[in-house]
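Worksheet: one structure, shown below.
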Amino acid sequence: MDVSHLLDELNEAQRKAVTTESKHALVLAGAGSGKTRVLIHRLAWLIQVEHVSPHSILAVTFTNKAAGEMRERAQDLLQVSTRSMWIGTFHGIAHRLLRMHWQEAGLPENFQILDSDDQHRIIRRLIKEEGLDEAHWPARQAQWYINARKDEGQRPDAIEHMGNPMTAQWVRIYELYQASCDRAGLVDFADLLLRAHELWLHHPSLLDHYRSRLSHLLVDEFQDTNSIQYAWIRMLAGDDGSVLVVGDDDQSIYGWRGAQVENVQHFRRDFTDVQVVKLEQNYRSSGNILEAANALIANNEDRMGKKLWTADDKGAPITLYSAFNEQDEARFVVEQIEQWLGKGRRANEAAIVYRTSAQSRLFEEYLLKASIAYRVYGGQRFFERAEIKDALAYLRLIQNPNDDAALERVINTPTRGIGQKTISILRLQARESSLPMWQAAQECARQNLLPARALTALQVFMSLITDMRERMQDFTLGNQVQGVIEDSQLVSHYEKEPTEKMESRVENLRELVNAATAFVLPVEDADAGMDDLQSFLSHASLEAGETQGEAWDDCVQLMTLHSAKGLEFPMVFIVGLEDGLFPHQRSVMESGGRLEEERRLCYVGITRAREHLCLSHAEVRRMFGSESHCRPSRFLNEIPSELIQEIRPRMQVQRPWVGARSPEYPKPSSIKQDWPFSLGETVSHKKFGSGTVISFEGSGEHTRVQVNFNHAGAKWLVVAYANLTRS
DNA sequence: TCCATTGACGTTTTT
DNA sequence: CGTCAATGGA
């Protein structure tokens with residue numbers, strides 16, 4: 001068979017990875033080096049050249065987006081159905097296994113997935129019930145503790161607390177939480193992975209079956225795997241499975257979430273016959289940008305070591321703007337974007353990237369003022385909205401009345417006279433008898449433990465749920481959702497809210513009905529024995545849906561550095577490069593590689609840029625209400641200065657004085673009006689060619705401008721005589 | 001039950 | 001400075 005189409009467009013290193021004859025392969029793929037392409041082509045190679053059955057391939061990623069993209073691209077390249085291939089996220093695949101083998105996994109058939117919000121509520125409630133001081137034992141920390149233990153594969157009984165009362169207390173909370181989830185048939189995200197691992201651990205015959213079936217494993221973003229994911233891969237691979245992992249240790253930015261970069265090193269140790277391939281040719285960024293990235297990341301120790309290079313030119317210099325304060329920074333960035341647009345470039349080619357999400361606000365403000373459309377990544381997701389979760393909670397109760405998280409959510413939403421008192425009686429009863437709350441409620445009714453009024457209210461609620469279930473048994477999914485929203489009277493409940501919010505909430509509920517109506521039960525879910533409702537609910541938890549806006553909208557993109565990973569833009573602004581903000585204060589203080597992770601984050605940011613990279617920092621920034629002077633980020637010093645062109649206004653006006661609040665305070669933007677050009681603008685000169693405006697001086701006919709010419713270097717020119725033109 | 005005021009707190013986020 | 005959650009009064 002002619003396989004040239006699989007190799008033709010690959011470079012040598014990529015080919016080596018795709019055609020490897022070693023049993024295992026570790027592909028160290030630098031940013032923009034075509035790692036997804038390698039993964040896809042390897043997949044196709046296995047099928048078309050090595051004649052591996054698609055049925056035997058498992059490809060895992062971290063995000064649904066990546067999984068979807070992989071399936072799509074594989075489909076395109078192979079021109080055969082990818083349906084029989086297992087392509088998905090770790091969580092998605094674990095979930096599927098648990099649905100198929102719920103009995104062996106010790107789960108009820110109708111178990112539900114608990115998202116982190118629900119998890120938080122449960123834990124908080126539990127800590128209260130225990131009578132613990134919430135200031136001393138914050139639910140957030142307990143949640144973090146539990147998830148961290150699960151990510152390490154530890155169940156409560158396996159944790160040694162060695163007499164440490166602190167640890168003992170956390171373990172106790174973990175135990176209580178787990179018991180409460182088990183009673184309710186709830187499985188949290190970390191539990192999906194842990195249980196999938198335990199499923200094989202405790203059922204060797206099942207493991208054998210999957211080992212012989214899934215003989216070829218492909219793992220994307222390997223540097224982000226945590227202990228349990230790594231253990232799971234190892235277990236599945238066994239002695240005979242073949243594993244190819246792709247990752248970049250320099251882009252490991254999720255250590256704080258349990259990701260173990262060490263897995264990249266361990267892979268070579270734990271697997272035999274591993275071919276290591278480094279992909280270092282970059283197809284994304286210009287030479288200057290890559291050089292900056294290389295120089296920066298070289299400051300990290302313990303790297304596998306890679307050096308990106310490109311066949312392209314050096315490209316435009318990296319620009320650096322030192323703003324007076326965060327307002328000035330935002331103003332500058334927006335002005336640059338206006339120029340970008342003025343050159344006929346598109347808004348969605350530009351991205352503003354920052355360390356903390358709170359930083360987006362000012363940029364939004366200035367973009368709004370300039371009437372430039374923008375989109376902020378990482379807002380609230382569709383299935384996480386309160387009204388959607390309420391509606392889903394009713395559906396979950398229909399599916400599984402023991403789902404305590406769902407019951408607590410809607411037992412009094414809309415208000416139906418079941419107050420805190422009644423609910424705590426139910427909880428108490430549930431705890432004492434180790435029953436889910438639904439059954440505890442029945443018990444309370446039977447034993448007459450409630451005042452008449454509360455009892456009536458409770459019975460109204462319970463029959464509402466029971467009636468819904470019976471009435472809607474044969475409904476289509478869309479009608480079920482519609483029916484639940486009607487019967488629960490959620491719409492009129494939300495209509496009582498202040499106008500603006502209410503409209504979008506009601507609109508969202510309508511959208512939920514649309515989503516349910518359009519939902520098609522995926523074949524693999526049907527295979528795993530799920531019905532429409534169960535599959536829909538699982539999807540809602542596992543992929544909480546689009547953040548907001550459509551990616552293809554022509555908007556300036558605003559996002560944190562974390563969410564920028566995997567994306568690329570012709571024009572990238574990395575803002576807020578100040579010590580304390582980026583690197584973040586908390587990372588500077590804590591040791592243990594935190595600072596190196598920040599540096600990797602910066603590396604990720606830099607390597608998002610294709611043509612233009614613009615860095616900025618503010619000298620004064622208002623944080624938590626008070627102003628603070630900020631040193632430029634140490635990362636700026638780690639980028640060779642010859643790659644950076646500083647754009648620095650030489651204001652005739654005094655620098656804005658700190659804390660000035662007078663309204664007539666001269667804003668940099670109003671000063672700019674007098675100047676024919678703006679900072680950073682590209683201009684051209686008859687003799688010197690084109691260059692960038694980097695500074696101003698004087699006013700009126702004496703205005704001088706400093707231009708850094710691409711060939712002639714930096715020059716001061718009197719605007720009145722120089723005859724500069726915009727380009 | 002609902003609204004208003006007060007108080008604590010303040011990375012990064014996908015599943 | 002802003003947000004969110006908890007508390008307390010009507």
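Protein chains get the first letters and strands the later ones, always in sequence-line order, with residue 1 at the start of each.
- You'll find the ring centres of A/Tyr254 and A/His562 inside the 6.0 Å limit.
- Distance, A/Lys150 NZ to B/dT15 C1': 13 Å, rounded to whole Å.
- Taking the O4'-C1'-N9-C4 or O4'-C1'-N1-C2 dihedral as appropriate, B/dT11 has a value within 90° of 0 and is therefore syn.
- Note on A/Asp249 versus A/Arg303: no salt bridge recorded, every NZ/NE/NH1/NH2 to OD/OE distance being 4.0 Å or above.
- Atom CD1 in A/Ile423 sits roughly 13 Å away from atom C1' in B/dT1 (whole-Å rounding).
- Listed for the A/Asn400 side chain is no donor-acceptor partner under 3.5 Å among the backbone atoms of A/Arg396.
- The P atoms of C/dA5 and B/dT12 are separated by 15 Å, rounded to the nearest whole Å.
- Of the N and O atoms on the side chains of A/Ser538 and A/Ser541, not one donor lies less than 3.5 Å from an acceptor on the other residue.
- Distance A/Leu98 CG to B/dT15 P: 18 Å, rounded to the nearest Å.
- Per the geometry, CG belonging to A/Asn412 stands 12 Å off C1' belonging to B/dC2, to the nearest Å.
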| task | Encode nucleotides 8-13 of chain B as B, S and - characters from 5' to 3', where the letter depends on protein heavy atoms closer than 4.0 Å: B to the base, S only to sugar-phosphate, - to neither. | result | --BBBB

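- No engagement by A/Ser626 is indicated, since no non-hydrogen atom pair under 4.0 Å with the nucleic acid exists.
- Taking a 6.0 Å sphere around CD of A/Glu72, one finds it holds 12 or fewer heavy atoms contributed by other residues, nucleotides or ligands.
- When the P atom of B/dT15 is taken as reference, atom CD of A/Glu221 falls 12 Å away, rounded to whole Å.
- Going from atom CD of A/Gln359 over to atom P of C/dG2 covers 16 Å, rounded to whole Å.
- A donor N or O paired with an acceptor N or O is found under 3.5 Å between the base of B/dT15 and the side-chain atoms of A/Ser116.
- At a threshold of 4.0 angstrom between heavy atoms, the contacts of A/Arg600 with the nucleic acid are absent.
- Atom name C1', nucleotides C/dT3 and B/dT14: the rounded distance is 23 Å, in whole Å.
- In this structure, A/Tyr210 has its ring center closer than 6.0 angstrom to the ring center of A/His101.
- Phosphate contact (OP1/OP2 of B/dT15, side-chain N/O of A/Asn64, threshold under 4.0 Å): present.
- B/dT15 atom C1' lies 16 Å from atom CD of A/Gln112, rounded to whole Å.
- Taking atom CD on A/Glu627 and atom P on C/dG2, their separation rounds to 13 Å, with Å as the unit.
- Nearest-nucleotide positions on DNA chain B place A/Gln420 closer to the 5' end than the other of A/Gln420 and A/His91.
- Close placement of the A/Phe519 and A/His539 rings is indicated, their centers lying within 6.0 Å of each other.
- Contact check, A/Asn226 against B/dT15: no side-chain N or O comes under 4.0 Å of OP1 or OP2.
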